[in-house]
Colleague: 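Would you mind keeping the following structure in view while I ask a few things?
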2 protein chains.
Amino acid sequence: MTAETAAPCLEQCPIRNVLDRIGGQWSLLIIEALAGGTLRFNELRREIDDISRQMLSRNLKLLEQDGFVARKLYPEVPPRVEYTLTPLGHSFLVPMGELIHWADEHHHVILASRLDYQQRSESNA
Amino acid sequence: MTAETAAPCLEQCPIRNVLDRIGGQWSLLIIEALAGGTLRFNELRREIDDISRQMLSRNLKLLEQDGFVARKLYPEVPPRVEYTLTPLGHSFLVPMGELIHWADEHHHVILASRLDYQQRSESNA
DNA sequence: GTCAAAAGTCTATTTTTTAGACCACAAGAG
DNA sequence: CTCTTGTGGTCTAAAAAATAGACTTTTGAC
């Protein structure tokens, strides 16, 4: 129980640095949508459906910065922009898949826990 | 390419429902901190160090609701509260571990990508 | 007597997100 | 010709969320 104990995540730790980007509501959803293949901006928007243009735009930019997705602009009129997962993005699908699998497997437990908690707090009220 | 294609995550889909909770900046950090064993409120705060009391409190409450952590209040004065991972919380450590491992393995690529992007946008400016 | 610590809560300020208008241009309908 | 739709966004104003910091209550140390 000396200084060695835990504290693995100070501010500029790599894990935190990476996961903070992934952590938003939208990033995982976008990556998942692109897992099926290249999509254009508005295709993504329809796919995710309740994301605002601005958030989609911002998150795509972040994902592009971090090298998860590649953005290809076709200089046509009207403009066409295609977003595709990079190899890095694809490699991320593996741990993300496990996370989703876990969520899928356990969501009933979680839902039950939520209900339980709700009922307990009601009976205390 | 019919309706079957993708759209796996509408609003009330379980994955989304679960991951939205996990998705915050703090949840993963809290779970990671508790992976080492039971901690009290202020111990957690020192562990994570740049989390506000309010966010820690709120996130712990959410994690408790969802059944990831158990909260044990000792009715002493001053009050003592201990937070511990439940079995569900522990089982989550597995996919989370893979995610962290991936982040650890790839953060250099991501950092490089960020720098690259930055330089490209500077040369375009 | 004074100060710190416990585990939070409350409020005010700041940041982030959302909703929605707006842009230039072109193709298709009528 | 005009009207509407679709393209990939950006901009602004309003709503929601996060942060910082004071406050609470009781005990033990000094």
Side-chain angles (χ1 to χ4, degrees), chain A residues 1 9-11 16 19-30 33-34 37-66 69-84 117 120-121 124-125, chain B residues 9-11 16-17 19-30 33-34 37-66 69-84 117 120-121 124-125:
Chain A
M1 280 295 190
C9 259
L10 296 158
E11 275 187 72
R16 197 153 159 184
L19 293 188
D20 274 6
R21 282 288 217 280
I22 300 304
Q25 346 263 23
W26 303 119
S27 303
L28 287 178
L29 252 34
I30 293 174
L34 290 177
T38 297
L39 288 175
R40 300 173 60 173
F41 186 85
N42 279 329
E43 286 175 335
L44 269 167
R45 217 152 81 73
R46 280 187 288 269
E47 196 74 28
I48 297 177
D49 158 72
D50 58 337
I51 193 173
S52 67
R53 270 182 291 273
Q54 200 171 43
M55 274 295 105
L56 181 54
S57 177
R58 190 207 303 300
N59 277 290
L60 281 169
K61 206 170 285 176
L62 288 173
L63 288 173
E64 192 198 350
Q65 276 175 20
D66 283 10
V69 314
R71 177 182 189 271
K72 175 147 202 202
L73 163 70
Y74 295 82
E76 309 168 353
V77 159
R80 181 156 61 103
V81 182
E82 288 185 348
Y83 293 93
T84 314
Y117 186 94
R120 258 186 321 221
S121 49
N124 287 359
Chain B
C9 260
L10 296 160
E11 275 187 72
R16 197 153 161 185
N17 204 325
L19 293 187
D20 274 7
R21 283 288 216 279
I22 300 305
Q25 347 263 23
W26 302 119
S27 304
L28 286 179
L29 252 35
I30 293 173
L34 290 177
T38 298
L39 288 175
R40 300 171 61 172
F41 186 84
N42 279 329
E43 286 174 335
L44 269 168
R45 215 151 82 72
R46 279 188 289 267
E47 195 74 28
I48 296 177
D49 157 73
D50 58 337
I51 193 173
S52 68
R53 271 181 289 273
Q54 200 172 42
M55 274 297 105
L56 181 54
S57 177
R58 190 207 303 300
N59 277 290
L60 281 170
K61 206 169 284 176
L62 288 174
L63 288 173
E64 192 198 350
Q65 277 176 20
D66 283 9
V69 314
R71 176 182 189 272
K72 175 146 203 203
L73 163 69
Y74 296 81
E76 310 169 351
V77 158
R80 182 156 60 104
V81 182
E82 287 184 348
Y83 292 93
T84 313
Y117 186 94
R120 258 186 322 222
S121 49
N124 286 359

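All values reported here derive from a predicted model rather than from experimental measurement. First the proteins, then the strands, lettered A, B, ... as listed; each starts at 1.
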Colleague: Between C/dT18, D/dT26, C/dG20, which nucleotide has the shortest distance from any of its atoms to the side chain of A/Trp26?
Modeller: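 Of the candidates, C/dT18 comes closest.
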Colleague: If you look at every strand shown and take non-hydrogen atoms under 4.0 Å, does B/Tyr83 touch a base, only sugar-phosphate, or nothing?
Modeller: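 B/Tyr83: backbone/sugar contact only, no base atoms under 4.0 Å.
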Colleague: Select one nucleotide: of C/dA19, C/dA7, C/dA6, the one nearest the side-chain heavy atoms of A/Gln54.
Modeller: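 Selected nucleotide (nearest to the side chain): C/dA19.
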Colleague: Base, sugar-phosphate alone, or nothing: which one does B/Arg45 contact when heavy atoms must sit under 4.0 Å apart?
Modeller: nothing
Colleague: Taking 4.0 Å as the cut-off, does a side-chain nitrogen or oxygen of B/Arg46 come that near to OP1 or OP2 on C/dA6?
Modeller: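 Answer yes for this pair, as a side-chain N or O of B/Arg46 is under 4.0 Å from OP1 or OP2.
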Colleague: Using whole Å, what does the distance between atom P of nucleotide D/dT10 and atom NZ of A/Lys61 come to?
Modeller: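 One finds 4 Å between P of D/dT10 and NZ of A/Lys61, rounded.
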Colleague: For the side chain of A/Val77, starting at C-beta, report the closest nucleotide among C/dA26, D/dG8, C/dG8.
Modeller: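 Between C/dA26, D/dG8, C/dG8, the one nearest the side chain of A/Val77 would be C/dA26.
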Colleague: A/Phe41 CZ to D/dG6 P: how many Å, rounded?
Modeller: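 In whole Å, D/dG6 P and A/Phe41 CZ are 15 Å from each other.
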Colleague: Quick one: CZ on A/Arg40 to OH on A/Tyr74, what's the gap to the nearest 0.5 Å?
Modeller: 9.5 Å
Colleague: Identify, between A/Arg53 and B/Arg80, the residue whose nearest nucleotide on DNA chain C lies closer to the 5' end.
Modeller: B/Arg80
Colleague: Give the rounded distance in Å between these two atoms: CE of A/Met55 and C1' of C/dT16.
Modeller: 7 Å
Colleague: Nearest to the side chain of A/Arg71, which nucleotide is it out of D/dG8, D/dT7, D/dA18?
Modeller: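 For A/Arg71, the side-chain atoms sit closest to D/dG8.
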Colleague: Closest to the A/Pro78 side chain: C/dT17, D/dT7, D/dT19?
Modeller: D/dT7
